[in-house]
Amino acid sequence: MKGEKKIIITIDGWSSCGKSTLAKQLAKELNYVYIDSGAMYRAITLFFLRNHIDWTKPKQVDDALQNIVLQFMYNEKSKQSEMHLNDENVEYVIRDLVVAEKVSDVAAIKDVRTFAVDQQRKMGNHKGIVMDGRDIGTVVFPKAELKIFMTADKAIRIGRRFKELYEKNPNVTIEEVRDNLEMRDYIDSHREVSPLRQAEDAVVLDNSNLTEKQQFDLALKWAREKLEKKA
Ligand code: DC
């Protein structure tokens with residue numbers, strides 16, 4: 001609707017907390033755009049791996065970034081927007097453990113973050129966006145109207161992630177999943193540039209004991225309150 005007030009909703013938190021599930025639901029209900037910022041870091045990592053980029057060398061990183069075009073494109077079949085790397089749909093390959101094992105290292109590089117954050121900010125120019133990640137409420141959109149910080153018990157997160165990966169690859173073990181999750185949590189929250197942390201004005205959503213519907217209802221209530229305030 002023309003002139004309708006729109007807000008920016010940010011969802012940050014630990015790996016495998018269900019951020020993307022909630023973000024997609026909110027975006028659908030409010031008719032907003034959903035942006036999975038983690039997919040951008042994953043696609044960059046995939047490019048680095050495929051092209052044997054040594055990301056400890058700043059020159060190699062900067063040259064490689066110049067050859068990367070990232071786009072989210074809507075897929076009519078899956079009814080979701082999917083990550084494209086240089087015109088190739090990489091939405092599914094970027095979820096592999098091979099990428100997950102390296103993505104936190106790549107996402108800790110300053111130039112990589114600048115590259116991704118610039119694009120993320122442009123996507124929020126017209127508001128009406130739900131973006132999930134690690135630094136969205138603290139760095140990308142520090143003035144966002146609604147900031148949600150998601151968390152859940154570690155064992156529950158490991159179980160959820162295992163189930164997700166097992167469906168695609170029955171050879172995956174719970175130990176592999178636990179190691180990867182713990183490693184990512186550590187690197188994401190201890191890196192120098194934009195570490196994962198809760199924004200001061202964020203609301204915390206611990207979904208350890210909530211159903212998907214309960215957490216959605218709660219977040220939607222928060223969004224409606226912000227929208228009413230803005231109207
Ligand atoms: O949300 P995800 O698991 O797909 O994110 C993949 C990795 O990217 C994660 O380990 C941390 C990083 N990431 C980040 O540093 N900043 C973001 N805004 C989103 C993701």
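Any value given below was found using the heavy atoms of this structure, including those in side chains, with hydrogens, waters and symmetry copies removed. Counting starts at 1 for both ligands and their atoms, following the listed order.
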Provide the number and element of each atom of ligand 1 under 4.0 Å from a heavy atom of [X].
{"X": "S37", "result": "17 (C), 18 (N), 19 (C)"}
{"X": "Y41", "result": "8 (O), 13 (N), 14 (C), 16 (N), 17 (C), 18 (N), 19 (C), 20 (C)"}
{"X": "G133", "result": "17 (C), 18 (N), 19 (C)"}
{"X": "S104", "result": "10 (O)"}

### Query
Angle class for the F149/W14 ring planes (parallel below 30°, perpendicular above 60°, tilted otherwise)?
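Because their plane-to-plane angle is over 60°, the rings of F149 and W14 count as perpendicular.
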
### Query
Do the ring planes of Y186 and H190 sit parallel (below 30°), tilted (30 to 60°) or perpendicular (above 60°)?
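The rings of Y186 and H190 lie parallel, inter-plane angle below 30°.
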
### Query
Under 3.5 Å, N or O to N or O, is D188 touching ligand 1 that way?
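Yes, D188 has an N/O under 3.5 Å of an N/O on ligand 1.
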
#### Entry: Short N or O distance, K19 and ligand 1, threshold 3.5 Å exclusive
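In fact, backbone or side chain, K19 has no N or O that close.
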
Closer than 4.0 angstrom, basic N to acidic O: yes or no for [X] and [Y]?
{"X": "R178", "Y": "D185", "answer": "no"}
{"X": "K57", "Y": "D54", "answer": "yes"}
{"X": "R161", "Y": "E176", "answer": "no"}
{"X": "R224", "Y": "E228", "answer": "no"}

### Task
Would you kindly specify which portion of R191 sits under 4.0 Å from ligand 1, judged on non-hydrogen atoms: side chain, backbone, both or neither?
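Near ligand 1, R191 shows its side chain, while the N, CA, C and O stay back.
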
### Query
Given that the side chain starts at C-beta and the backbone is N, CA, C, O, which of these parts of I136 lies under 4.0 Å from ligand 1, counting heavy atoms, or is it both or neither?
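The side chain, only.
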
### Query
Hey, are the side chains of K6 and L227 touching, using non-hydrogen atoms and a 4.5 Å cut-off?
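Sidechains of L227 and K6: no contact.
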
### Query
Should L26 and I9 count as side-chain neighbours, where that means a heavy-atom distance under 4.5 Å?
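Heavy-atom side-chain distance check passes, below 4.5 Å.
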
### Task
Take every heavy atom of R113, measure it against each atom of ligand 1, and state whether any distance is under 4.0 Å.
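Yes, that is the case, since the closest heavy atom of the residue is under 4.0 Å from the ligand.
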
Nearest neighbour in protein (non-hydrogen) for [atom]:
{"atom": "atom 4 (O) of ligand 1", "answer": "R42 NE, 2.7 Å"}
{"atom": "atom 1 (O) of ligand 1", "answer": "R134 NH1, 3.0 Å"}
{"atom": "atom 3 (O) of ligand 1", "answer": "R184 NH1, 2.9 Å"}
{"atom": "atom 12 (C) of ligand 1", "answer": "A107 CB, 3.7 Å"}
{"atom": "atom 20 (C) of ligand 1", "answer": "G38 CA, 3.5 Å"}

### Task
Starting from the C-alpha separation in whole Å, work towards a yes-or-no answer on salt bridge (charged side-chain N to carboxylate O under 4.0 Å, His left out) for K59 and D63.
CA-CA 6 Å; K59 169 101 175 66; D63 288 348; 2.7 Å; yes

